[in-house]
Each structure stands twice: as structure tokens, then as C-alpha cells.
Enquirer: 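Dumping the structure here so I can ask a few things about it.
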Amino acid sequence: MARFELKLPKMGESVAEATITNWLKQVGDKIEADEAVLEIATDKVDSEVPSEVSGVLVEQLFGKDDLVQVGQTIAIIETDSVTETVQEIPAPVAVAAIEKTVDAAKEAVAVPVDFSNSEKFLSPLVKNIAKEEGVTVAELESISGTGKDGRVTKNDILEFVKERASQPVVSTAVAAVQKSITAPVVQKAAPVSLSGGDEIIEMDRMRKLIAGYMVASVQTSAHVQSFIEVDVTNIVKWREKNKVAFEKREGEKLTYTPIFMEAVAKALKDFPGMNISVDGDFIIKKKNINLGMAASLPNGNLIVPVIKNADQLNLVGMAKAVNDLGSRAKAGKLKPDDTQGGTYTVTNVGTFGSVFGTPIINQPQVGILALGAIRKMPAVIETPEGDFIGIRQKMFLSHSYDHRVVDGALGGSFVKRVAEYLEAFDVDRDF
């Protein structure tokens, strides 16, 4: 008999960790090759981890809700093969937990750590020292900073590293095990219906994540909005004229979304100050334009798949990307990497009949554009022969942006440029 290490697989260039949400197989269960062993979640995408071999599950190295780094061993499967073996795992639970913690500490130096999860402000210098010394996010959180507002300084982290080096790693692991054993488990009691007729439903995992993201974004960014009305009559006429031919030639439905996305991508190239993110006191200018498109799932939850390098796509390519991500989102088949790396987000509130909205910024981005419903409106039309009243197709663009780094001039100019591209749409253009 041999033991096979089931590791958390690589799930995309920008995905470094995942949370275990459910074990589909328990210790002692037989497993076939390619059969799902557990379910994991990265950001808001759920997926399964299949076994590469057939055998019996003999060890679960992590529990439900544990955070696991890509490449870490998460389970041991006993097989008939002798090609791959691992060291026997000692029986006592405390010893196994200690060895697991020691191994994780050793691997922390090699595995990239995402310090964006830390609630503390960390300067680039402190982050670099932490990476070089293998300091984990949890360890950084435990350091009492002596800087302004409790910030961790260079001397703070160097002193921590010095003290840690003088202590055996095993003692730290033992302390962690003892803490997990002795720490009281506090569970919040479920609310009770006073009338007896109310239905009480616990939020699912994704809704809890969304709730946390929304509150954190409002607390992080100074939200401010700019609104602009756009005449999209030419776009409506062009789509009505070409949607059948487009679907026949390209095999894709032509919606308004790719047309709007094309205009947003162009405007971001004109105003790169909107294609940034904020890290503490630093502004990061993004090289690529990756557009997130907020999508509502059948269960009512929200997800934001990302169109990578959107500025490099023509209208056909944009339509294919929008339709692909939209259909896979509805079918629950998005991959973890599909929701990573966005630099700016667009949400279509007009789908639900809203004229405009005030969307919440998708962190760590600094702007999000809401597309309102397209409506027939009476409007003054200016011509060389004079002004007259006509029926036009109009909509509102609502731009929310982070006033910490985006002033009204930039935020207003950006959404105005999007409007200009839409109103200047060529009715004689090809696909």
C-alpha cells in the first residue's frame, strides 16, 4: 500500500489560496480517479477538487472553513500504487497538529503571502521584510506597532523576527494547538421570531462574503457620484438593424453590453487615472484594462467576472467574452481566475428597470459605472434648420468613484468621455 498526497491545485495565475467549504468524502471512503473529494471556494467562485488516483481517504489535513494555500497537501489517499509515498502520520491528534503547523511555517517562505488580507496598514518596506523572513499574515496581525495609529514600523518587524528566531518553532506550534484547544467557542444565538410567523433564514456563504465586501468598501473608499444623460438613439437603431445578421455570422447574440464595454475601455485608455488601485498611501497604476461585469445569479447573489485586456478586443471579441462569462456565471461554471484581476467594473442596473443607481466600488478598484435603463424620451434636437422636439432613446450613466484619489474633474471627465463615445457611435459601422 502507498500514500498519495492530494494537493490544492493551481486555479489561475492570480489565485493563491482557497477556503474548504465541504468535504464530499470522509475518512475511510473509497475514491475513484477523477472523483470529487471536497469543495472549495475562492473569492465568490465554488469548485471541486478531484482525486488524481483511486484509493481510500485515510487523512483529512484541513477542516471545513480552513484557508489553504495553493500547493499545500490537503488529504492523504491510500492506494495500491508504490510510485508515490509520504511519511506515516503519527496517531496522536496533538502531535499531528503540531507537525502540520511546523510544515506550514516552513512552506510560508516559499509560498507567496497575500498581505492585502491584513487589516493593518503595511508599508512596502515592511511587506518586503515580511516576505523575506517568512512572516505570515497572522503573525503580522499579532505585532503591536509603535508607529502612528499603531502602524508596524521597520524596527517593529525586525524586533519580531529577532525574537522569533530565538524561540523554537515547535513551541510556537504547541502554543497554537493549545490556543485552539482552550479557546472558548462563542456562537451567536439565532434570532427568534416574536410573532411566530416570521421565517428566519441564515445567509449562505456567498451572501456573507458579499455583505462583508460591501461594508468594507463603504468604510474604505470615500464614495462620490457623477451622473450624465446620454442619447443612444444611434446605438439602438444600429443594433436593431444588425442583431440578426450578427448572430447568423458570429453565432453570438448582440446585446448592448459589449457596445457599452467598448466605450468604457476606450475612455479608460484616455483617462488612465481611473484604471488604478490604492494600497495604503500608494497608488498603483494598472498596465492592463480588465473590465469586471457585475452579474446577478439565479439565487439572487452577485458575482463579477472579468474581461481581461478589454481594450484589445473588437466588438465581436467583446460580445463573445460578455456572452461567455455571462452564460457560465448563470450555469455556475466560472473558474476562480475568471473573477480575478479586475481594474474597473461596470454594472447594468437598467436590466431591472432602474433609471440610475449609486453602485458601491469593487475594491481595490477606484470606480464603477452603472448603466441605466434605455427609455424613449422627448428631447430638443438641434439642426442647421433650427431646433425641434423629437423622440430619442436616452439613458443615464452613474459613476461612483473613490474621492480619496479621484477628484470631481477626473471622475466627471471620465464618464463624460464614455457618453461622448456612445453618442458618436457610427450607424454605418461594420461589426
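Because the structure is a prediction, the values reported are computed rather than measured.
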Enquirer: Using every non-hydrogen atom in the two residues, find where Glu17 and Val70 come nearest and quote the distance to one decimal.
Expert: N-CG2, 4.0 Å
Enquirer: Would you name the heavy atoms of Leu422 and Ile259 that are closest together and state the gap between them?
Expert: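 Heavy atoms of Leu422 and Ile259 come nearest at CD2-O, 4.3 Å.
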Enquirer: Going through the checks in order, is the side-chain contact (heavy atoms from CB on, under 4.5 Å) test met by Thr21 and Lys64?
Expert: CA-CA 5 Å; Thr21 57; Lys64 184 179 178 181; 5.7 Å; no
Enquirer: Donor-acceptor pair, distance only, cut-off 3.5 Å: does the side chain of Lys320 make one with the backbone of Glu250?
Expert: yes
Enquirer: Using modelled atom types and a 3.5 Å cut-off, is there a donor and acceptor pairing between side-chain atoms of Glu5 and backbone atoms of Ile76?
Expert: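 Side chain of Glu5 to backbone of Ile76, a donor-acceptor pair under 3.5 Å: no, none is there.
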Enquirer: Just verifying a value: how many Å separate Lys208 NZ and Ile210 CD1, rounded to the nearest 0.5 Å?
Expert: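 The CD1 atom of Ile210 is 13.0 Å from NZ of Lys208, to the nearest 0.5 Å.
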Enquirer: Between Thr339 and Pro336, is there a donor-acceptor pair closer than 3.5 Å when you use the side chain of the first and the backbone of the second?
Expert: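 Side chain of Thr339 to backbone of Pro336, a donor-acceptor pair under 3.5 Å: yes, one is there.
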Enquirer: Looking only at heavy atoms, what is the nearest atom pair of Ile361 and Ser221, with distance?
Expert: CD1-CB, 4.1 Å
Enquirer: With a 3.5 Å distance limit and no angle check, can you tell me whether Asn242 reaches the backbone of Arg239 through a side-chain donor-acceptor pair?
Expert: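 Looks like no, no N/O pair under 3.5 Å.
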Enquirer: Find the distance between CG (Asn301) and CG (Asp204) and round it off to the nearest 0.5 Å.
Expert: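 Spacing of CG (Asn301) from CG (Asp204) equals 5.0 Å.
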Enquirer: Donor-acceptor pair, Ser217 side chain versus Tyr213 backbone, under 3.5 Å?
Expert: no
Enquirer: Just jot down the side chain to side chain contact (heavy atoms under 4.5 Å, CB included) partners of Val37, sequence neighbours excluded, or say none.
Expert: Leu6, Trp23, Lys25, Ile31, Ser51
Enquirer: Starting at OG1 of Thr343, measure out to NZ of Lys287 and round the result to the nearest 0.5 Å.
Expert: 13.5 Å
Enquirer: Drop me the distance from Phe160's CZ to Glu139's CD, to the nearest 0.5 angstrom.
Expert: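 These two atoms lie 4.0 Å from each other.
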Enquirer: Counting C-beta onward and ignoring hydrogens, is there a side-chain heavy-atom pair between Thr345 and Leu369 closer than 4.5 Å?
Expert: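 No; the side chains remain at least 4.5 Å from each other.
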Enquirer: Sort out for me which residue in Ile20, Leu8, Val68 forms a side chain to side chain contact (heavy atoms under 4.5 Å, CB included) with Leu38.
Expert: Ile20
Enquirer: Is the shortest side-chain heavy-atom distance between Gln363 and Thr220 below 4.5 Å?
Expert: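 Gln363 reaches Thr220 side chain to side chain.
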Enquirer: Heavy atoms only: give me the nearest Ala321-Leu313 pair and the separation to one decimal.
Expert: CB-CD1, 4.3 Å
Enquirer: Nearest 0.5 Å please: distance from the CD1 atom of Ile284 over to the CG atom of Asn275.
Expert: 12.0 Å
Enquirer: Can Tyr401 and Ser226 be counted as having a side-chain donor-acceptor contact under 3.5 angstrom?
Expert: yes
Enquirer: Thinking salt bridges, do Lys30 and Glu35 make one under a 4.0 Å N-O criterion?
Expert: no
Enquirer: Can you tell me how far the CD atom of Gln365 sits from the NZ atom of Lys286, to the nearest 0.5 Å?
Expert: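 Going from the CD atom of Gln365 to the NZ atom of Lys286 covers 9.0 Å.
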Enquirer: Check this for me: does any side-chain nitrogen of one of Glu247 and Lys243 sit under 4.0 Å from a carboxylate oxygen of the other?
Expert: no
Enquirer: Can a salt bridge be assigned to the pair Asp402 and Arg404 using a cut-off of 4.0 Å between side-chain N and carboxylate O?
Expert: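 Looking at Arg404 together with Asp402, the answer is yes, because their closest N to O distance falls below 4.0 Å.
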Enquirer: A side-chain contact here means heavy atoms from C-beta on lying under 4.5 Å apart; do Met293 and Pro305 qualify?
Expert: yes
Enquirer: For Phe425, I'd like to know if atom CZ has over 12 heavy atoms of other residues, nucleotides or ligands within 6.0 Å.
Expert: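 Correct, the count exceeds 12.
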Enquirer: Start with the C-alpha distance between Tyr344 and Ile289, add both sets of side-chain angles, then the distance that settles side-chain contact (heavy atoms from CB on, under 4.5 Å), and finish with yes or no.
Expert: CA-CA 8 Å; Tyr344 188 87; Ile289 294 177; over 6 Å; no
Enquirer: Report the C-alpha distance between His399 and Met274 in whole Å, list the side-chain angles of each, state the deciding distance to 0.1 Å, and finish with yes or no for side-chain contact (heavy atoms from CB on, under 4.5 Å).
Expert: CA-CA 11 Å; His399 186 210; Met274 287 303 312; 3.5 Å; yes
Enquirer: Is there side-chain contact between Ile74 and Leu61, with heavy atoms separated by less than 4.5 Å?
Expert: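 A side-chain contact is absent here, since even the closest heavy-atom pair is not under 4.5 Å.
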Enquirer: Is there side-chain contact between Val161 and Val135, with heavy atoms separated by less than 4.5 Å?
Expert: yes
Enquirer: Counting C-beta onward and ignoring hydrogens, is there a side-chain heavy-atom pair between Asp338 and Val306 closer than 4.5 Å?
Expert: no
Enquirer: Taking the side chain as every heavy atom from C-beta outward, state whether Ile40 and Thr19 have any pair of such atoms under 4.5 Å apart.
Expert: no
Enquirer: Please check this pair: side chain of Ser413 against backbone of Leu410, looking for a donor-acceptor N/O pair closer than 3.5 Å.
Expert: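 Answer holds: no.
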Enquirer: Work out which heavy atom in Lys7 is nearest to a heavy atom in Thr73; give both atom names and the distance.
Expert: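 Between these two residues, the closest heavy atoms are NZ-OG1, 3.1 Å.
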Enquirer: Taking Asn288's backbone N and O only, do any of them form a donor-acceptor pair with Asn309's side chain (distance below 3.5 Å, no angle check)?
Expert: no
Enquirer: When you look at Lys394 and Val230, which way does the side-chain contact (heavy atoms from CB on, under 4.5 Å) test go after all the steps?
Expert: CA-CA 6 Å; Lys394 291 197 171 189; Val230 190; over 6 Å; no
Enquirer: Show me the pairs that pass salt bridge (Lys or Arg N to Asp or Glu O under 4.0 Å) and involve residues 260-271, at least two apart or across chains.
Expert: Glu262-Arg429, Asp270-Arg417
Enquirer: Would you say the ring centroid of Phe246 lies under 6.0 angstrom from that of Phe431?
Expert: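 Aromatic pair counts; centres sit under 6.0 Å.
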Enquirer: On a heavy-atom basis, which atom in Leu297 and which in Met206 lie closest, and how many Å separate them?
Expert: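 What the structure gives for the nearest pair is CD1-SD, 3.9 Å.
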Enquirer: Is the backbone N or O of Gly341 less than 3.5 Å from a side-chain atom of Asn290, with the two atoms forming a donor-acceptor pair by type?
Expert: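 Such a contact is found between Asn290 side chain and Gly341 backbone.
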Enquirer: Heavy-atom count around Glu52 CD within 6.0 Å, excluding the residue itself: above 12?
Expert: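 Not more than 12 within 6.0 Å, no.
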Enquirer: Please check if the side chain of Ser354 supplies one atom and the backbone of Gly350 the other of a donor-acceptor pair under 3.5 Å.
Expert: no
Enquirer: Got a sec: does the CD of Glu240 have more than 12 other heavy atoms crowding it under 6.0 Å?
Expert: yes
Enquirer: Does atom CD of Glu382 have more than 12 heavy-atom neighbours from other groups under 6.0 Å away?
Expert: no
Enquirer: In the structure I gave you, are the side-chain heavy atoms of Ile228 and Phe396 within less than 4.5 Å of one another anywhere?
Expert: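 With C-beta onward as the side chain, the pair stays apart.
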Enquirer: Among Arg375, Lys376, Arg392, which residue satisfies the salt bridge (Lys or Arg N to Asp or Glu O under 4.0 Å) criterion with Asp231?
Expert: Arg392
Enquirer: For Gln393, is there any backbone N or O sitting under 3.5 Å from a side-chain donor or acceptor partner on Thr233?
Expert: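 Side chain of Thr233 to backbone of Gln393, a donor-acceptor pair under 3.5 Å: yes, one is there.
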